Amino acid sequence: MDKAKPWSAAQLQAWSSPASTAMAATAKLTLLPTTLTSTVSFPARLVLKPFPPPQCLLVAAAASSSFSQTLSSLRSTETPEAREIRLETESALEWGAVSARLADFAATAAGRAACVEGRVAVGQSREESEKLIEQTAAAVLLSAPLDFAGVEDVSAVVAAATGGRLLAVREICGVGRSIRAARGVFDQLWSLAEETQDGRYSPLLDILQGCDFLTELVQRIEFCLDSTFSLVLDRASKKLEKIRRERRRNIEKLDSLLKDTATKIFQAGGIDSPVVTKRRSRMCVGVKASHKHLVPGGIVLSSSGSGATYFMEPRDAAELNNREVKLSGDERAEELVILGLLTSSIADSQLKIRNLMGKVLELDLACARGLYALWTNGVKPSFSDSYSSSQSDQSDDYSVYIEGIRHPLLLEQSLMAEGSTVEASEMPVPLDMWVEKDARIVVISGPNTGGKTATMKTLGLASLMSKAGMFFPAKGRPRIPWFDQVLADIGDHKSLEHSLSTFSGHISRLRKIVDIVSEDSLVLIDEIGSGTDPSEGVALSTSILKYLASKVNLAIVTTHYADLSRLQLVDSRFENAAMEFCLETLQPTYRILWGSTGNSNALSIAKSIGFDQKVLDRAQEWVEKLLPDKQQERQGLLYSSLLDERNILESQANEAASVLSQIEGLYNEICSEADGLESRVAALRTTETQKVQQELKAVKSQMDTIIKNFEVQLKNSELEQYNSLMRKAEAATASVVAAHQPNETAFNDDENQSSFVPQIGDKVYVQGLGGGTLATVIETLGEDGSCLVQYGKIKVQVKRNKMKLVQRGANETATSSSVKPKSRTPKQRSAAAEASQSQDGSVSFGPVVQTSKNTVDLRGKRVSEASYELQMAIDACRPYQVLFVVHGMGTGAVKDCAIHVLRNHPRVAKFEDESPLNYGCTVAYIQ
């Protein structure tokens, strides 16, 4: 991490002066700690909501481009026609108003300008949008607002330095303050992250991670300049310090001389009071014109307006004044040199400065999005194609699943009204948007002023906000696809300049949308096919929608054509929705009914606004004559769709109640099992202890028998039979050891995956339940062999490869404490084989049990030493002894040497290479 360090005099000299100049620094830099006291200011008119609990914000690492890079990438890949459609869509959806509102929460001037100008970063891929969302989620969780005080928009200053203009002291100090303030923001964020230690602020830290905070440049600026008074400090260079020191001495002399002269003139009556002033950049004294002789040899530099007073430079002060003018010029020239060097340093670091300020801007916008989310009580959206759930979720059947969303701009008006003395307007009606996964076209019908266009705009704004990483006001966990383009045809595109009628403008825009649309696009069309003959409009609209259904991710259209709502009956890619209208109050409710077909209710609306009743009665007669069947059909479809929706909701409620009941039952069973767990553990320990004691007694008895037999045979045998008796005793001892090695329950994967087919009543071990307790198969469920097993009172579903058969159901003799031993280890098999060979009378080796006497340790030795010691150990072995050669893992040189010796030595009958049970050790059998 880039930490600030004081400069040494040598470092400053190396930077500030070439060899030909005398600008070497004489003082060491001592940096004062920067105290950040300012905080992020919030708009006074905004009422911020309290922080929501963290569990309501589903806070979830891939590199992303900076803010400016994102915008430049967007501009470079867009065609002029696509850019025109995008800008018109953003205008129709009022995206600029949402961005402008975000500016109220930005802490920096650059952030506010970016929001107002509509330069808010929008993810150009799902990964970029998800990263922006995670940044917003982290900003929402900030325990304190980040302090961006001191961060200025220095882009113009850096550009001027790059263009060759000499920067003023104030401009250079502004660059230094901004860079240091950026470092302060990073340090503050790092401190917050250190306090939590849960990684919640990682998305924000990643923004500034790896940035160059240009510590040396900031130190240079602070060493050379005083930002408070905008001055170049004496310590900036040796030459400047020397010039100013000489100038102060010269001024003291000149001031003393002129004061003495002015006092003498005053005492002689040549002036009413002593006057020392400056005229024409030279110090002088005032004297009456009549007493000019009191300043012999003096030079008149100026006179008063009346001519009664002369301002004269005494003869003795001329040389001092000349020196003052020279030193003043030298001082200014040296200051310009220092400013030029600092300007050059800023120009050389322009890329780093712009990158750092871009990252600070990105962080500021992330914090602004977080504050906006808190103000609107927004929730974190997720993209449906990247959503995953550990359990069954009703929303899995929908590509768009947004519950209780409110139009952001309408909600803002209500929130602004709450914070003023004006009576607050009613909150916008929340909308539920449920679009099934297979649906590609949603046809919304209903009356005028019923909210069709507002619903469509709300979905469009939610798409843009989620792409930009913004939370939108809704409930629960909203899901929405990631759309690469949001294309809208909303409003009247009539143009007299381009000779376009309403219908021509509408069709022209649809043609552009069809040309640039992609399979990940969202298309919003208001009143499709309107403005022309209804029959031709329906035909053209049907053809366009059929084409879009195979080209886009989702298209939302509004219409008054009933024929378009009937497309759902013949094409599963179409879905209907209707805006609810209350016939009793003749007012829209602004609620959307999914799966329904709405009426336009033109006559009801005309009546509600006071239209002549006679005209309305005559219109009603024409409606009954022209469309009697269609009216009844629409009402029937609406009623049946409402009944279907009610039945679906009742079924889902019953299913949820059943699942809840099962969960409660399982919870009670687990609680009852846990209550007696300690007593069962104590009983099991007692039983196991008794078994171990019994086994120890049996082993002791067997060993006593072997010893007695060996002693009897030893007394009755000859000396040459001693080795044979010794080997037989060792083999018998090895067989006892092998028989009582601890066993473990093992799962034979081949047997389980191929031959084992679970059957009801089978006794099995289940991996993960632990211990040697058996479970019983009570039900087979799937073709893959998964089944339901019962372990005590607990029932769980287990796959076949997680079970080990112990006993078939036909022979239920196994108890809950029985254990099936695992296949023997290599050492056990070897010991048993040696014992069996000795009983048959054939040649056998000693027991494969490692002791200090039959082990040679070659670790840490050179190859030559290891070879010699191994050969000596082999020669010292008794016949038919087992030798353990420990060579370790290391580089493998000692191991290779040991293997070579064992392979070529005449007394080595065979050897076993290292195995998982004895890494770094080779077992040799000596003849």
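Computed from a predicted model, the values in this text were never measured in an experiment.
Residue pairs meeting the salt bridge (charged side-chain N to carboxylate O under 4.0 Å, His left out) criterion with at least one partner in residues 341-350, sequence neighbours excluded, are absent. Among residues at least two apart or in separate chains, there is no salt bridge (charged side-chain N to carboxylate O under 4.0 Å, His left out) pair with a member in residues 366-377.
The main-chain N or O of G340 is never found under 3.5 Å from a side-chain atom of S344 such that the two would form a donor-acceptor pair. Of the possible polar contacts, none joining the E313 side chain to the R279 backbone as a donor-acceptor pair under 3.5 Å is found. Between the side chain of T79 and the backbone N or O of A82, at least one donor-acceptor pair lies under 3.5 Å. The closest donor-acceptor contact from the side chain of E171 to the backbone of L167 lies at 3.5 Å or more, if one exists at all.
Every salt bridge (Lys or Arg N to Asp or Glu O under 4.0 Å) that D198 has, sequence neighbours left out, goes to R200. T162 meets the side-chain hydrogen bond (donor to acceptor under 3.5 Å, both in side chains) test with Q350; sequence neighbours excluded. Scored by the salt bridge (Lys or Arg N to Asp or Glu O under 4.0 Å) test, E335 finds R244, R332 as partners (sequence neighbours excluded). Taking T309 as the reference, nothing meets the side-chain hydrogen bond (donor to acceptor under 3.5 Å, both in side chains) condition, with sequence neighbours excluded. Under the side-chain hydrogen bond (donor to acceptor under 3.5 Å, both in side chains) criterion, R177 pairs with E152, not counting sequence neighbours. Contacts of R315 classified as salt bridge (Lys or Arg N to Asp or Glu O under 4.0 Å), with partners at least two apart in sequence or in another chain: none. Applying the side-chain contact (heavy atoms from CB on, under 4.5 Å) test to D316 and every residue at least two apart in sequence or in another chain returns L257. The side-chain contact (heavy atoms from CB on, under 4.5 Å) test applied to V169 returns C173, L225, S230, V232, L339, not counting sequence neighbours. D226 is linked by a side-chain hydrogen bond (donor to acceptor under 3.5 Å, both in side chains) to nothing, counting only residues two or more places apart in sequence or in another chain. Residues satisfying the salt bridge (Lys or Arg N to Asp or Glu O under 4.0 Å) criterion with E94, sequence neighbours excluded, are absent altogether.
A salt bridge is absent between D364 and R112; no separation between the charged side-chain nitrogens and carboxylate oxygens falls under 4.0 Å. A salt bridge links K326 with D330; the closest basic N to acidic carboxylate O contact falls under 4.0 Å. A salt bridge links R247 with E324: at least one charged nitrogen is closer than 4.0 Å to a carboxylate oxygen. Salt bridge status for E90 with R86: present, with a side-chain N to carboxylate O gap under 4.0 Å.
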side-chain contact (heavy atoms from CB on, under 4.5 Å) assessment of N355 paired with L351: CA-CA 6 Å; N355 177 68; L351 295 179; over 6 Å; no

Test side-chain contact (heavy atoms from CB on, under 4.5 Å) on R280 and F311 and set out the steps. CA-CA 11 Å; R280 297 183 182 178; F311 298 100; over 6 Å; no

Test side-chain contact (heavy atoms from CB on, under 4.5 Å) applied to K259 and D255, step by step: CA-CA 6 Å; K259 284 183 178 179; D255 186 62; 3.0 Å; yes

Give the C-alpha distance, both sets of side-chain angles, the deciding distance and a yes or no for side-chain contact (heavy atoms from CB on, under 4.5 Å) between C115 and L365. CA-CA 8 Å; C115 295; L365 292 180; 3.6 Å; yes

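Between H293 and H291, the ring-plane angle classifies as parallel under the 30° and 60° cut-offs. Ring geometry for F105 versus W375: interplanar angle of 30 to 60°, hence tilted.
With a 4.5 Å cut-off on side-chain heavy atoms, V185 and V360 do not count as touching.
Around atom CZ of R165, more than 12 heavy atoms belonging to other residues, nucleotides or ligands sit under 6.0 Å away. E117 CD: more than 12 foreign heavy atoms inside a 6.0 Å radius.
Here the closest heavy-atom approach between residue F471 and residue M465 is recorded as O-CE, 3.3 Å. Summarising the geometry of S237 relative to I338, their closest heavy-atom pair is OG-CD1, 3.9 Å, with the distance given to 0.1 Å.
At a cut-off of 3.5 Å, with distance as the only test, no side-chain donor of Y201 or E195 sits close to an acceptor on the other residue.
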